[in-house]
Amino acid sequence: MTTPFIVKLVLVLLLIFIMFNLARALFILVKGENKQSMAPFLGKRVLFSAIAVILLLLALGFGVIAPNPRPY
């Protein structure tokens, strides 16, 4: 496995985990019971979003992945 593939795989897994935490928080919000707070799930989502952005910027900066040269 090459390095760009591993970086992309980690980013996709982070995005899936972010969506999972967002869905869990939404379920708690819709359920409407006050037994469990949705703050930990939203906090994890923000933390992993920041990690994903930092990883993406580092990979772009070190040349591991390349942006699309022509986006249109």
Side-chain angles (χ1 to χ4, degrees):
M1 291 176 29
T2 61
T3 305
F5 178 74
I6 293 172
V7 171
K8 290 176 185 178
L9 182 67
V10 168
L11 284 172
V12 168
L13 290 175
L14 279 171
L15 291 175
I16 290 171
F17 190 70
I18 290 165
M19 294 301 295
F20 176 72
N21 278 316
L22 189 61
R24 287 180 70 183
L26 177 67
F27 181 71
I28 292 171
L29 178 70
V30 170
K31 198 173 171 184
E33 296 178 7
N34 292 332
K35 290 187 289 187
Q36 190 177 12
S37 175
M38 63 181 174
F41 301 115
L42 293 177
K44 287 179 190 176
R45 183 186 66 89
V46 170
L47 173 69
F48 285 107
S49 296
I51 290 172
V53 168
I54 291 170
L55 180 64
L56 184 62
L57 290 174
L58 286 173
L60 284 170
F62 287 121
V64 176
I65 57 175
N68 189 3
R70 206 171 158 174
Y72 50 87

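Counting all heavy atoms, side chain and backbone alike, Leu60 lies closest to Pro67 at CD2-CD, 3.7 Å. The two residues Val64 and Pro4 make their nearest non-hydrogen contact at O-CG, 3.4 Å.
Under the rule for a ring pair (Phe, Tyr, Trp, His ring centres under 6.0 Å), Phe20 has no partner lying at least two apart in sequence or in another chain.
In this structure, Leu9 CG and Leu14 CG are separated by 10.0 Å, a value rounded to the nearest 0.5 Å.
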Side-chain donor-acceptor contacts of residues 42-56 below 3.5 Å, not counting sequence neighbours, with atom names and distances?
from: Ser49; atom 1: OG; to: Arg45; atom 2: O; distance (Å): 2.7

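Connection of Phe17 to Val7 is established within a shared hydrophobic cluster, with ILVMFWY side chains joined at heavy-atom distances below 4.5 Å, either directly or through further cluster members. Follow the hydrophobic side-chain contacts under 4.5 Å out from Leu11 and you reach Leu58 in the same cluster.
Here ring-ring contact (aromatic ring centres under 6.0 Å, His included) pairs that include residues 26-45, with residues two or more places apart or in two chains, number zero.
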